[in-house]
2 protein chains.
Amino acid sequence: MPGRNQQFVLDALTRSERPMGAYELLELLRQEGLRSPLQIYRALDRLIEEGLVHRIESLSAFALCVHSECTHGRAAFAICANCGRASEVHDPALERVLRRIARRQGFRTKSATVELSGLCEACAHR
Amino acid sequence: MPGRNQQFVLDALTRSERPMGAYELLELLRQEGLRSPLQIYRALDRLIEEGLVHRIESLSAFALCVHSECTHGRAAFAICANCGRASEVHDPALERVLRRIARRQGFRTKSATVELSGLCEACAHR
DNA sequence: TTGACGAACGTGATAACATAACATAACGGA
DNA sequence: TCCGTTATGTTATGTTATCACGTTCGTCAA
Ligand SMILES: [Zn+2]
Ligand SMILES: [Zn+2]
Ligand SMILES: [Zn+2]
Ligand SMILES: [Zn+2]
C-alpha cells in the first residue's frame, strides 16, 4: 500500500538521526534504483499527505514524524544549528495561542509552521 | 548608510503589498541597474540583520518589517494562500509559550519561525 | 596628498532545491 | 478483456541561493 519508493524514503528517514534533504535522500537511495529527484519528491509528497513525514521549511528538509500520523501542519520543531537534530513537539498551549492569533484577525489557518532554531541541550553544554 | 542596493530593495518591498522573492526583486530592480541575484541577496542579508526585513521561510520570500527594527526571529506571520499578503504579528503570549517549549527541553533558541498559512479574512469571505 | 584598508559593489559560473511534460507499467473492478 | 486509476520512470527545465574573484569607493592616518 505505501508504494515501493515511499517505503524506501521512509526507511531512510527512519535510519537517519536528523532531517534529510531530497537530494541527500536521492544520493542514499541510488543503490535502490532511484535515479531522479522527482521520484523522491513524489514519495515525500505522499508521505507528508499521510502524516508520516514533515517538511522543515527552514532547512528545506524532511523529517520522520515521531508520532505516527500527525495531522498536517500541527507540529513544532526545535532544530539544533550544531548537530542538525530536529525534535518534534506537540503543545496544546501553542495551538491555543496560534488559534487565538488567527481568530483575532479573522484568519482561517490551514497549516502552521513553527520552527525554533538554536542549540539543543547537548550542544549548548560545551 | 543603508547602501544604495539596500535602499533599492527596501523601497521595492515598501511599495509591494506582499512578500517578494529575490528574483522578483531582481526583475523589478533591473531598471535601477541591478543585474545579478547576489546583489539582491546581499542587500537582503543586511536588511535582515538590521531588522528591517523578514525572510518568510514557507514562501522563500522577503517582507518589509512593519515595525522598524524588529529583532531577528521574533515575529509571526499569517500568510494568505489566495491573495499572497502576509500580516506580521507580535504576540507576547506566543513568545512565552515558545520560551516554555524551549526551556522544557533545554533548548537555547536563537530565532523562531512562526508562519500560519491559510486564508485572510477578505479572501475567506467569498 | 597619498596610500592603506575595509566595506560595498559587479560579474560569471555553479550549486542546491523543485517541478513540468510526457511516456510507461501495474493494479483492480466492470 | 477493457477501461480507468494509480504508481512509476526519464529528460529537461525552472527556481532559489551561493562561490570565487576582481573592482570601486569612502575613510583615515601618515
Ligand atoms: Zn508529527
Ligand atoms: Zn545539537
Ligand atoms: Zn518585524
Ligand atoms: Zn487573502
Side-chain angles (χ1 to χ4, degrees), chain A residues 1-13 16 18-50 52-63 72-73 77 79 81 84 86 111 113 115 117, chain B residues 1-13 16 18-50 52-63 72-73 77 79 81 84 86 111 113 115 117:
Chain A
M1 172 110 285
R4 198 169 129 274
N5 293 353
Q6 282 169 70
Q7 194 58 56
F8 284 145
V9 168
L10 201 54
D11 290 347
L13 288 176
S16 170
R18 65 211 76 210
M20 297 181 75
Y23 281 75
E24 199 180 345
L25 284 162
L26 178 55
E27 178 101 4
L28 199 66
L29 295 177
R30 271 192 201 289
Q31 330 167 21
E32 316 291 351
L34 279 80
R35 254 174 291 234
S36 92
L38 195 48
Q39 294 174 280
I40 304 292
Y41 281 109
R42 285 204 278 231
L44 286 168
D45 285 349
R46 282 158 203 168
L47 291 168
I48 289 169
E49 266 175 33
E50 294 166 21
L52 300 175
V53 165
H54 296 284
R55 175 178 165 87
I56 313 279
E57 296 291 348
S58 58
L59 299 177
S60 294
F62 304 85
H72 169 242
F77 292 88
I79 303 155
S111 75
T113 299
E115 297 170 11
S117 167
Chain B
M1 174 107 291
R4 198 169 129 275
N5 292 354
Q6 281 170 71
Q7 194 59 56
F8 283 144
V9 168
L10 202 55
D11 290 347
L13 287 176
S16 170
R18 64 211 77 213
M20 298 180 74
Y23 282 75
E24 199 180 346
L25 284 162
L26 177 56
E27 178 101 5
L28 199 67
L29 295 178
R30 271 192 201 288
Q31 328 167 23
E32 316 291 351
L34 279 80
R35 254 174 292 235
S36 94
L38 195 48
Q39 295 174 279
I40 305 292
Y41 281 109
R42 285 204 277 232
L44 286 169
D45 285 348
R46 282 157 203 168
L47 290 168
I48 288 170
E49 265 175 33
E50 293 166 21
L52 300 175
V53 165
H54 295 284
R55 173 178 166 87
I56 313 280
E57 296 291 348
S58 58
L59 299 177
S60 295
F62 303 85
H72 168 244
F77 293 87
I79 303 155
S111 75
T113 299
E115 297 169 12
S117 166

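Lettering of chains follows the sequences in order, A, B, ..., and the numbering in each one begins at 1.
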Taking atom [atom2] of [N] as reference, at what distance in whole Å does atom [atom1] of [X] sit?
X     : N      : atom1 : atom2 : value
A/R4  : C/dC27 : CZ    : C1'   : 15 Å
B/Y41 : C/dT14 : OH    : P     : 19 Å
B/L59 : D/dA17 : CG    : C1'   : 16 Å
A/Q6  : D/dA7  : CD    : C1'   : 9 Å
A/E49 : D/dA7  : CD    : C1'   : 13 Å
B/L25 : D/dA17 : CG    : C1'   : 14 Å
B/I40 : C/dA8  : CD1   : C1'   : 15 Å
B/I56 : D/dT16 : CD1   : P     : 14 Å

- For DNA chain D, whose closest nucleotide is more 5', that of B/R55 or that of B/R42? B/R55

Could you tell me if the side chain of [Y] sits less than 4.5 Å from the side chain of [X], heavy atoms only?
X     : Y     : answer
A/L52 : A/Q6  : no
A/L44 : A/L25 : yes
B/L26 : B/R30 : yes

Could you go through nucleotides 13-15 of chain D and list every protein N or O atom that sits under 3.5 Å from one of its N or O atoms, giving the distance for each pair?
none

- Nearest non-hydrogen partners of B/A86 and B/F77, listed with the distance: CB-CD2, 4.3 Å

- Message: I'd like to know if the side chain of A/Q39 reaches the main chain of A/L34, judged simply by a donor and an acceptor atom lying under 3.5 Å from each other, with no hydrogens or angles considered.
- Response: no

- Message: Checking the side chain of A/E115 only, and the main-chain atoms of A/I79 only, is there a donor and an acceptor separated by less than 3.5 Å?
- Response: no

- Task: Could you tell me the separation between the CZ atom of B/R46 and the CG atom of B/L10, rounded to the nearest 0.5 Å?
- Result: 14.0 Å

- Note on the structure: Output for pair (A/L47 CG, A/R55 CZ), nearest 0.5 Å, gives 14.0 Å

- Task: Please list residues of residues 26-39 of chain A whose heavy atoms come under 4.0 Å from any atom in DNA chain D, ordered by number; otherwise none.
- Result: A/R35, A/S36, A/L38, A/Q39

- Query: In chain order, what residues pass the side chain to side chain donor-acceptor pair (under 3.5 Å) check against A/S16, with sequence neighbours excluded?
  - Reply: none

